[in-house]
Amino acid sequence: MDNLAGVIKFTADNMAAEEEKPYIPVFCDVSLKTLAEFMLDRWKMKVPDVMISIVTGVYHNKNWPEDYAIAFQAGLTKVINTSHAWILTHGFHTGVVKLLGEAVRDELDRRTVRKTRTVRRYNKRVSQITLVGICTDSLVNELEAFQGGEGSSGRRRVELDLGVEKPARQKFNLDVYHTHYVIVNGSTSKSLVTFRTDLEKELQRFSSCRKNFGNGYTENSSDEDDTHSAVPLRPTPDPSASRSQMGVPLVALMLQGGPYEILQVWTYIKNRTPVVVVKGSGLAADLFAYVYEETNESGDLEKDLANITPEILKRLETMFPKMKQGSDEDRQECCQKLLDCMRLDSAQEDEHYITILDLTRASSDLADIDLYILKAIFGSQKTREVDWKEQIRRDLMLTLQWNRPDFAREEIMNRSIKVKVDKDIFRLALIMKNREDFVDLILHQGFKTHKFLSHRALIDLFCHAEDTEFFAVNVLGNLMGYVPGTVIGERFVLEDLNWIIVTFTRVERFINAYELSTNSCGIYSTEPSVAERKSLNALIVWSTLMGRHELTKVFWKYVEDPITTAIFVSAMWNGLSRFCREPELEKDIRIWGREFGVMGMDVLNMAYKESIDRAFGLLDREFPDFGRRTPVQLAYDARNRWFLAHPCCQKWINRLYMGHIQIASAHPGSMRIPDFIKILLSAFLIFPMYFWIHFPSLDSHHGRVIRRRGTVTTPGHSVLTVMKEVDSKDIPLRTTPSRVSRQDTMGRQ
């Protein structure tokens, strides 16, 4: 096929630059396996996450209301940006495909503007746009231009000027914003339908094979590569070896259309391909939705089909006047295909291949077209015992990419079988922006973060998270003084990370990289619960330094020490605000810090209202992860005035100032004596202090002294013995100093 393929050069007055797109002319009897392999290898098309076939007519279309058009473009733009999708159309600049091309044009313009304003090192994720047009040559305007010779590079070169006169009657211009074209020679409308559906199925099998076995260039292609340069063909595994119904899903989206689009949908359903029918878009799509709704919950399908057949024939003649003038066989055949679609869909018990998007309902919106595509994919799946785990993983990955946590919660997590999320999905949920709800959903399912977070995984999160601009500018640049473009390594996790924490909170050795790695391997130095707590603390530090405020709040929901952690995060935000040079961002960071301070006070306030003694117990407790500081000490080091001003903290400080000495309150019904008189009489007469003044017990005072020294006594062990055991276990890494000086950090530039 190398001698047939070429490029199309588009020129027009309103185009900023000349466009060249790859194309290949074929006949209907071409080997689809060879063509599919050529498209994947020679055109270097990246293996998609999903394939979407737009089923709409070239002739049979009508103008949409402006709000429908805007919502449709917004919905497909969201699909393009959230995952790598192949969109396959008829390829002509008319009707619904014209709206799709304009949406791609606007998205390309936005990407061009963003590319000039941003730096690539900030890891802004951009999905590759793949828009394939499968066209019939009988409708291509200026078809004679495709008879040209070879260009300077040895490939066929076709020049199409889109700024000339209008296309001839029954002819259409190719849509310039498609990325690839397959032009079918000598095809009729029926033969083109068969060719297109068979080619899409073959592309699905090859893409699933590549995704399952990881073969070829297609897994790692990027937007920067030449989209139509010739590369040697690679051996491809046999697509039949790929597991059926696994891998890359294919979904058809029906909007408007005519009789041949009904035939195309019938072919999809026969091939067990799910179809989303947009009711309210007009023409054949509305007729299809009408038949489906009339027979969906029918007790006797054949009886209902027979009853609505006259109405179907009547609507066909009304919608498509040419069918009224044509033979009765054409109308009967089109009607029969519609009825067969209903029979095929109802014949499956657990699988359903028709999904209706009703635009007449207020709850339905074309901007949420990704939700209905997911419903169609999930509805057409049949859970099998052999590969249900892999199927759930693929489903969860797709919902994660499309950022649909509500759908994942309802359709995946609520199944009777227990869903176990693997590390790759959790990593992807962390590095992708605006996936806080997914992280919350995964943690709610009981995912163990300590089994994922080794010190290398932490480095990976810092390096490969989407949009690292906040971290690169404010942390690496303004705080640590690194030059732009610095790539962090193990030294950052081993040394610099703890230095940043000490600078902002005075908590030393907060993250132990060696312990993170051993815990991830299942080698615990303490208990699994302690390992889980420390990994969550490390993720909180990561999300804070990345500027992920909402994600930090999600992690905070699952910590064991919410009050202390909130004070700690508040101190981190307040410290980061001093190194932010953008006034608006600095203001936001200070608001985030204040919000976490309020969150800590809210938890303390709940404990204070429930039980004063319990609240005092929380303030008395020394937390080993935070340098054995109490919450009040941590708030003092962080200069958190709002927390220290809480009535519970003030009472706790007063008790501490008084040495935990308390004046006894009067019994009910007895004469009330002022406190100052009790103190004076106890000071001079000595004996009244035994029933007016309460002193702390010697054992409790001795325990507090020992805890402040960093140890706890146990029966059968002396204080000295326990302190020696603690000192022998608490040994930092040789490569990790307890504190890194600011001068050493500045010297690394």
Q) Below 4.0 angstrom, N of the basic side chain to O of the carboxylate: do Lys33 and Glu37 qualify? A) no
- Task: Indicate yes or no: does Arg404 engage Asp368 in a salt bridge with an N to O separation below 4.0 Å.
- Result: yes
Please check if the side chain of [X] supplies one atom and the backbone of [Y] the other of a donor-acceptor pair under 3.5 Å.
X: Ser208; Y: Val248; result: yes
X: Lys433; Y: Asp467; result: no
X: Asp137; Y: Gly186; result: yes
X: Asp49; Y: Ser83; result: no
X: Arg331; Y: Leu316; result: no
X: His180; Y: Pro22; result: no

message = Are there over 12 heavy-atom neighbours, none belonging to Lys78, within less than 6.0 Å of that residue's NZ?
response =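 Above 12, so yes.
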Kindly check if the number of other-residue, nucleotide or ligand heavy atoms within 6.0 Å of CZ (Arg361) is above 12?
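No - once you tally the heavy atoms of other residues, nucleotides and ligands closer than 6.0 Å, there are 12 at most.
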Tell me, do [X] and [Y] make a side-chain contact under 4.5 Å, heavy atoms counted?
X: Val176; Y: His93; answer: no
X: Ile52; Y: Trp86; answer: no
X: Leu398; Y: Arg394; answer: no
X: Leu283; Y: Asp286; answer: no
X: Val26; Y: Asn185; answer: no

Begin from the C-alpha positions of Asn271 and Thr273 and carry the test side chain to side chain donor-acceptor pair (under 3.5 Å) through to its verdict.
CA-CA 6 Å; Asn271 294 335; Thr273 298; 5.5 Å; no
If I compare all heavy atoms of [X] with all of [Y], which pair ends up nearest, and what's the gap?
X: Ile412; Y: Ile392; result: CG2-CG2, 3.8 Å
X: Ala376; Y: Val251; result: CB-CG1, 4.3 Å
X: Thr318; Y: Pro321; result: O-CD, 4.3 Å
X: Thr179; Y: Ile129; result: CG2-O, 3.5 Å
X: Leu32; Y: Leu199; result: CD1-N, 4.0 Å
X: Asp437; Y: Pro405; result: CB-CG, 3.6 Å

Out of curiosity, [X] [atom1] to [Y] [atom2], how far, rounded to the nearest 0.5 Å?
X: Cys135; Y: His90; atom1: SG; atom2: NE2; result: 9.0 Å
X: Glu261; Y: Asn61; atom1: CD; atom2: CG; result: 9.5 Å
X: Arg157; Y: Tyr23; atom1: CZ; atom2: OH; result: 11.5 Å
X: Lys270; Y: Cys341; atom1: NZ; atom2: SG; result: 10.5 Å
X: Leu255; Y: Leu366; atom1: CG; atom2: CG; result: 7.0 Å
X: Lys279; Y: Ile356; atom1: NZ; atom2: CD1; result: 8.0 Å

Q. So, Glu107 versus Thr77: side-chain donor-acceptor pair below 3.5 Å or not?
A.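 No - no donor-acceptor pair under 3.5 Å links their side chains.
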We want to know whether Thr188 and Ser191 form a side-chain donor-acceptor pair, criterion being a heavy-atom distance below 3.5 angstrom.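 The criterion, which ignores hydrogens and geometry beyond distance, is satisfied for Ser191 and Thr188.
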- request: Step by step, work out the side chain to side chain donor-acceptor pair (under 3.5 Å) result for Arg111 and Asn81.
  value: CA-CA 10 Å; Arg111 291 186 180 189; Asn81 285 327; 2.9 Å; yes
Salt bridge (Lys or Arg N to Asp or Glu O under 4.0 Å) assessment of Asp406 paired with Arg409:
CA-CA 5 Å; Asp406 52 344; Arg409 183 180 295 106; over 6 Å; no
query: Should Ser53 and Tyr268 be marked as a side chain to side chain donor-acceptor pair (under 3.5 Å) after you check the CA-CA gap, both sets of side-chain angles, and the distance that decides it?
result: CA-CA 10 Å; Ser53 179; Tyr268 284 128; 2.7 Å; yes
Only one of Val132, Leu88, Leu250 passes side-chain contact (heavy atoms from CB on, under 4.5 Å) with Leu203, and that residue is Leu88
The side-chain contact (heavy atoms from CB on, under 4.5 Å) partner of Gln264 among Thr56, Val275, Val193 is Val193
*asked:* Could you walk me through whether Asp175 and Arg105 satisfy the salt bridge (Lys or Arg N to Asp or Glu O under 4.0 Å) test, starting with their C-alpha distance in whole Å, then the side-chain angles of each, then the deciding distance to 0.1 Å, before giving a yes or no?
replied: CA-CA 11 Å; Asp175 186 80; Arg105 177 200 63 195; over 6 Å; no
Item to complete: Kindly determine whether Lys337 and Glu333 satisfy salt bridge (Lys or Arg N to Asp or Glu O under 4.0 Å), including the steps that lead there.
Response: CA-CA 6 Å; Lys337 295 300 181 185; Glu333 181 184 3; 5.1 Å; no
**Request:** Run the numbers on Arg196 and Thr267 for side chain to side chain donor-acceptor pair (under 3.5 Å), then give the verdict.
**Result:** CA-CA 10 Å; Arg196 175 175 166 179; Thr267 308; over 6 Å; no
Can you tell me how the ring of Trp43 sits relative to the ring of Phe38, calling it parallel under 30°, perpendicular over 60° and tilted otherwise? perpendicular
Would you call the rings of Phe172 and Tyr59 parallel, tilted or perpendicular if under 30° counts as parallel and over 60° as perpendicular?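 Correct class here is perpendicular.
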* Measure from the ring center of His60 to the ring center of Phe320 and say whether it is less than 6.0 Å. => yes
Original post:
Is it the case that Arg272 places NZ or CZ above or below the six-membered ring of Tyr353, under 6.0 angstrom from the centre and within 45 degrees of the axis?
Top reply: no
